[in-house]
Number of protein chains: 2
Amino acid sequence: MKTMIPIDPASTQAVTSLGREQPRDELSLHGETLARLRDYIVEGNIPDGGRIPERQLCEMFGISRTPLREALKVLASEGLVDLLPNRGARVRQLSEQDLRELFDVMGGLEALAGRLACENITDHEIADIERLHYEMYGYYLHRDMPGYFRVNQLIHQKIVEASRNATLLATYGSFAGRIRRIRYSANFARKRERWGEAMREHETILDALRRRAGDELSDILFRHLRQKRAAAVEHLSEGAAATGAPTSTSSTP
Amino acid sequence: MKTMIPIDPASTQAVTSLGREQPRDELSLHGETLARLRDYIVEGNIPDGGRIPERQLCEMFGISRTPLREALKVLASEGLVDLLPNRGARVRQLSEQDLRELFDVMGGLEALAGRLACENITDHEIADIERLHYEMYGYYLHRDMPGYFRVNQLIHQKIVEASRNATLLATYGSFAGRIRRIRYSANFARKRERWGEAMREHETILDALRRRAGDELSDILFRHLRQKRAAAVEHLSEGAAATGAPTSTSSTP
DNA sequence: ACCATCAATATTGCATTCAATTTTTGATTC
DNA sequence: GAATCAAAAATTGAATGCAATATTGATGGT
């Protein structure tokens, strides 16, 4: 057994600072832990449905269980983990249904963002997005999927930012995090045949944005996300078929 | 020194049943406390910007600080409370800007709900909503504001439920809770002159729903919420003017 | 061999304790 | 009498302790 010794302030400080490159004004261990644990999970360090080892993570982060458990409750409310009474926390496994729902909500949020962006976006911001659009087109022509994907995400992000709605931005970010795990978990890539279609959709997005046609952009963005949804669900079921992992949340013991 | 008041299971169960999001058989003190504290705050038992007395609430709920503090972190992530480092938790005071943002997000979620509802709603559900609509019209004719308001909320709830998207439903509920505080805090009532307009909007909502015109319903619902937004912001600024309370979040000490 | 049973062990949920702040109080000075 | 400041008290953030609950592993019966 370990002999717990009262820790003097100096050593506590040392433990806290381990692994931290930024001396940010993060005052609370809770906030720090929350961000670190969320990243840890979103980046896929724990497999889908995998148990979250409290004690181990405490040692890893150099903290006690209290702030870690607080972070777990928050992540559970965000939908990233499941909390099983007396049986610990597990990384939430998304079913196909979950994924469809999540993409539809993302679609709704982007549709809203597009609508609001048309009300608030500046010419300068549109020019920015146009630049990104042509950069993305370049990646498309060169068949550079990772580059395309990165800029694509950036364009959507810029539209949400142009909505001038911090609440929407935060909500969008939270949902994006829940979906992002999937991308890390495997080489999530749009089917080739859909790629050209997506590129054309982006043309119409840019066009509606230029004309500041809110209703129209709203519809286009929702449908665009529906296409992404189809690709994601397809990807998930293929991945499940390959590994034999269940895709439904119905856990009958 | 401490007079802990043990709570019998029956009473806690009763309080829990007020909760919306987690209708499961809550075993954990954390989940129980979360629901209770959320209701306590949403119902306006603590004034806007007011300090949340940890110790007092612990005694009130008959629990220790650990589960209460866990609940506070979750409520902070939901946007209901602010966590000030070393200075405790406070009920989040909504600025006019916050309120505008919240109503726009609600508008986006309802617009999405309307779109999805048109894909999934059954004839039976439409008939249900029609019935509610005419019931609401009755309240309108009798100038029964509370009755109107209650059924109005119910109609919107039914549309969100008809979307068949549990994620959307939960998110909608969470945002509704953040706004609901305002309603409790004062006699939030739509201006008379806008009442007729709102009633007409509901006619078009029902019409679009009957025709299952998703794009159209989506637009109508967003605009409908924009009207509500205007009323809410107006109400907030009037209330602020009356009490002399600040409406902005900029807290310069 | 296979499966049930039960003790040993580990983990969880919450309470309690402790150090570090912040807030309040009360004396003191101008 | 108002302003200032130090000591006391209260409050907060986090660590640790402990009972209750799961999980594991050994044992014995079929």
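Chain letters run A, B, ... following the sequence lines, proteins first and then strands; every chain starts at 1.
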- Round to the nearest Å and state the distance from B/Glu59 atom CD to D/dT11 atom P. 10 Å
- Query: More 5' along DNA chain D: A/Glu70 or A/Asn86, using each one's nearest nucleotide?
  - Reply: A/Glu70
- Query: Taking the side chain of A/Ser64 as its heavy atoms from C-beta onward, which of D/dT16, C/dC14, D/dG13 lies nearest to it?
  - Reply: D/dT16
- Side chain of B/Arg51 - closest among D/dT11, D/dA14, C/dG13: D/dT11
- Message: Categorize B/Leu72 for me: base, sugar-phosphate, or nothing, with a 4.0 angstrom heavy-atom threshold over every strand shown.
- Response: nothing
- Just checking, B/Arg226 and B/Phe103: is the charged tip under 6.0 Å from the six-membered ring centre and within 45° of the axis? no
- Of the options A/Arg178, A/Arg38, A/Arg181, A/Arg92, which is the one that meets A/Glu78 in a salt bridge (Lys or Arg N to Asp or Glu O under 4.0 Å)? A/Arg38
- Any donor-acceptor pair under 3.5 Å between the side chain of A/Thr66 and the base of D/dA15? yes
- In whole angstrom, what separates A/Arg65's CZ from C/dT11's P? 10 Å
- Would you indicate what A/Leu84 reaches in the nucleic acid, counting non-hydrogen atoms under 4.0 angstrom: base, sugar-phosphate, or nothing? sugar-phosphate
- Query: Are B/Glu125 and B/Lys158 within salt-bridge range, i.e. N to O under 4.0 Å?
  - Reply: no
- Within less than 4.0 Å of OP1 or OP2 of D/dT12, is there a side-chain N or O belonging to B/Arg87? no
- Charged N-O contact under 4.0 Å between B/Arg100 and B/Glu96: yes
- Spacing of B/Phe61 atom CZ relative to C/dC14 atom P, expressed in whole Å: 14 Å
- Distance, rounded to the nearest Å, where A/Gln56 contributes CD and C/dT11 contributes C1': 13 Å
- Message: Could you go through B/Leu112 and B/Val160, starting from their C-alpha distance and side-chain angles, then the distance that decides it, and tell me whether this counts as side chain to side chain contact (heavy atoms under 4.5 Å, CB included)?
- Response: CA-CA 9 Å; B/Leu112 169 63; B/Val160 177; over 6 Å; no
- In whole angstrom, what separates A/Glu54's CD from C/dT11's C1'? 8 Å
- Item | Length of the line joining A/Leu29:CG and D/dA15:C1', which is rounded to integer Å | 11 Å
- For B/Pro67 and for A/Pro53, locate the closest nucleotide of DNA chain C by heavy-atom distance; then report the residue assigned to the nucleotide nearer the 5' terminus. A/Pro53
- Query: Which nucleotide in the set D/dT11, C/dC14, D/dA14 lies at the smallest distance from any side-chain heavy atom of A/Ser28?
  - Reply: D/dA14
- Message: Nearest whole Å is fine: how far is D/dG13 P from A/Leu68 CG?
- Response: 17 Å
- Note on the structure: When rounded to whole Å, the CG to P distance for the pair B/Leu34 and C/dG13 reads 15 Å
